[in-house]
Amino acid sequence: MLACIVSKLLAMNTEAIVIRIKTPTGDMDSSVDCPSLLNFNDLLVAIRDVMPEATVTAFEYEDEVGDRITVRSDEELKAMLSYYCNTMNEQRMNGLLPDPLLIYCFLSSSLKKSSAELKRILTNGQINAQDIHYQEQLGHGNGGTVYKAYHVHGKRVLAVKVIPLDITVELQKQIMSELEILYKCDSPYIITFFSAFFVENRISICTEFMDGGSLDVYKRIPEHVLGRIAVAVVKGLTYLWSLKILHRDVKPSNMLVNTRGRVKLCDFGVSTQLVNSIAKTYVGTNAYMAPERISGEQYGIHADVWSAGISFMELTCFFLPVLLLFQPLQLLQCIVDEDPPVLPVSQFSEKIIKRLCFSFIQDHPFIVQYNDGNAEVVSMWVCRCLEERRAQLAQGRM
Ligand code: ATP
Ligand code: MG
């Protein structure tokens, strides 16, 4: 926990910031000279000064996608300040004057509307190529390359996936219309989609940036952390299924985490045309694919559940590299012919060993046990792993 707080504090800027307290009767700005010394109670006192008639015990701020995050303790205050200072630095680096830190002391319908309004503006295709400043490359998959980028108008960091596609304008239009449903997706367990556009023969898909990256690089995740991750994945999948969307590509690299402990799914197959166009250039084997898909049979929700189960097994015990020793065809044959894999009884709890199954997925004992909304557990673990990775990189450079 200490490492997590220290890393958050280190990321924090020590220069003065302006906090804007939003109240039903108007805004109140106050300057904080040394944000790292600010504590939760001092801020509550300042809020009560502004709103003496209200009993304020907590307040909220908005993250980069307009979701409200509640602050109830010193630790959550530090997370908010760290998030704000990073945002402020990004704005400065891009030649912009930093916005004040907005905090909300009540949940009125008008403020909810303004958050919905923000989402609507962001998701109305208002991002275009000229407004995006590309930063570093985040990764490269079968379909394309993902970059961290800054959207100058929206003043926010994005992840932009660029996929080269040699297709007709007609097909481009079809893909754009199939992607429309992404504007309607609104779940804390699904990556927020901002916009997509074609420039020449490349499609760029702009989504929320997750500063912890994807789970494929973590491995050997302790059971109590994996439990919270599994709950988020199950909720994300259940949400997609409720919209009649099958994910079709559930795997650790499509599960993203951030330092605030959020876990979100990305890269689900809403556009058949996009999936087909990418499939033409696809090389490699999908070790997470359910047997019925490999055999070419009809498949449904169960296939997503299978892939989620295999992903959780890999994340907890790191066994897939052994499977990858197989030749691609052998691997597919093995998935179809053999019994489903099981975790070794001696090393894991009874709850995680039970097989996931669609009809009871929400009631699975492992999911029930960790369905407590404790994002702090994931947050601390992500911060610690990032810290270790940074230290290893620094050592390698010495
Ligand atoms: P495949 O192409 O087989 O699906 P993949 O999922 O690894 O493989 P991409 O979807 O292109 O490939 O993603 C590449 C990498 O970019 C991911 O592994 C992840 O680390 C990073 N990434 C993708 N989206 C985001 C995001 N929204 N925020 C932060 N990192 C991201
Ligand atoms: Mg992916």
Side-chain angles (χ1 to χ4, degrees), residues 63-65 67 83 86-87 90 122-123 127 132 134-151 154 156-165 179 182 185 187-196 202-219 221 229 232-233 236-237 240 246-271 274-289 293 304 307-308 310-311 314-315 320-321 324 328 331 378 382-383 385-386 389:
D63 69 6
E64 61 275 22
V65 288
D67 283 342
Y83 161 73
N86 284 336
T87 314
E90 291 282 354
L122 282 168
T123 55
I127 295 181
I132 295 178
Y134 287 89
Q135 298 174 350
E136 79 237 40
Q137 185 175 315
L138 293 172
H140 187 75
N142 255 302
T145 309
V146 182
Y147 300 90
K148 183 177 174 188
Y150 192 76
H151 181 232
R156 68 191 57 237
V157 180
L158 304 175
V160 184
K161 184 166 191 167
V162 182
I163 309 171
L165 288 176
L179 291 178
L182 291 179
C185 281
S187 155
Y189 309 105
I190 300 293
I191 204 82
T192 302
F193 169 80
F194 293 132
S195 185
R202 296 183 307 275
I203 185 170
S204 298
I205 301 174
C206 307
T207 61
E208 166 187 7
F209 167 69
M210 298 287 277
D211 63 358
S214 50
L215 288 181
D216 52 325
V217 290
Y218 286 86
K219 316 284 182 192
I221 304 178
I229 291 174
V233 169
L237 287 175
L240 290 178
L246 282 186
H247 188 297
R248 292 193 168 89
D249 200 12
V250 178
K251 56 182 177 181
S253 72
N254 289 336
M255 300 171 184
L256 301 167
V257 284
N258 67 20
T259 47
R260 271 169 292 128
R262 302 282 180 119
V263 182
K264 306 192 183 197
L265 296 175
C266 68
D267 288 347
F268 36 97
V270 286
S271 164
L274 183 59
V275 172
N276 288 346
S277 306
I278 295 173
K280 286 193 185 127
T281 57
Y282 184 89
V283 281
T285 315
N286 189 337
Y288 309 88
M289 221 184 242
R293 277 188 76 180
D304 276 351
S307 308
I310 300 291
S311 303
E314 182 192 8
L315 291 171
L320 270 181
L324 293 175
L331 170 63
V378 181
V382 170
C383 290
C385 294
L386 292 180
R389 234 182 276 165

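These values consider heavy atoms only, across backbone and side chains, with no hydrogens, waters or symmetry-generated copies. Atoms within a ligand are numbered from 1 in the order they appear, just like the ligands themselves.
Contacts with ligand 1 closer than 4.0 Å are made by side-chain heavy atoms of Asp249 only, the backbone lying farther away. Within the 4.0 Å heavy-atom criterion, the part of Lys161 lying near ligand 1 is the side chain and not the backbone. Counting heavy atoms under 4.0 Å from ligand 1, residue Asn254 touches it through the side chain alone. Under 4.0 Å from ligand 1, heavy atoms of Asn142 appear from its side chain as well as its backbone.
Cation-pi geometry between Arg389 and Tyr218 is satisfied (NZ or CZ under 6.0 Å from the ring centre, within 45° of the ring normal).
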For Asp267 and Lys161, what are the C-alpha separation, side-chain angles and deciding distance, and is it a side-chain contact (heavy atoms from CB on, under 4.5 Å)? CA-CA 10 Å; Asp267 288 347; Lys161 184 166 191 167; 3.0 Å; yes
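Applying the side-chain hydrogen bond (donor to acceptor under 3.5 Å, both in side chains) rule to Ser214 yields the partners Asp216; only residues at least two apart in sequence or on another chain are considered. Applying the side chain to side chain contact (heavy atoms under 4.5 Å, CB included) rule to Tyr83 yields the partners Tyr61, Asp63, Glu64, Thr87, Arg260; only residues at least two apart in sequence or on another chain are considered. Legend: residues meeting side-chain hydrogen bond (donor to acceptor under 3.5 Å, both in side chains) with Asp249, ordered by chain and number and at least two apart, are Asn254.
Each of the atoms 2 (O) of ligand 1 lies under 4.0 Å from some heavy atom of Gly143. Interface atoms of ligand 1 facing His140, defined by a heavy-atom separation under 4.0 Å, are 14 (C).
Around the Mg ion (ligand 2), the protein N, O or S atoms found under 2.8 Å comprise Asn254 OD1, Asp267 OD2.
Contact annotation: Gly144 has at least one heavy atom less than 4.0 Å from an atom of ligand 1. Residue-ligand proximity: Lys251 is placed with a non-hydrogen atom under 4.0 Å from ligand 1.
The nearest non-hydrogen atom to atom 31 (C) of ligand 1, considering only Thr207, Asp216, Leu256, Asn258, comes from Leu256.
A salt bridge links Lys148 with Glu90: at least one charged nitrogen is closer than 4.0 Å to a carboxylate oxygen.
Atom CD1 of Ile191 is separated from atom SG of Cys185 by 11.5 Å, given to the nearest 0.5 angstrom.
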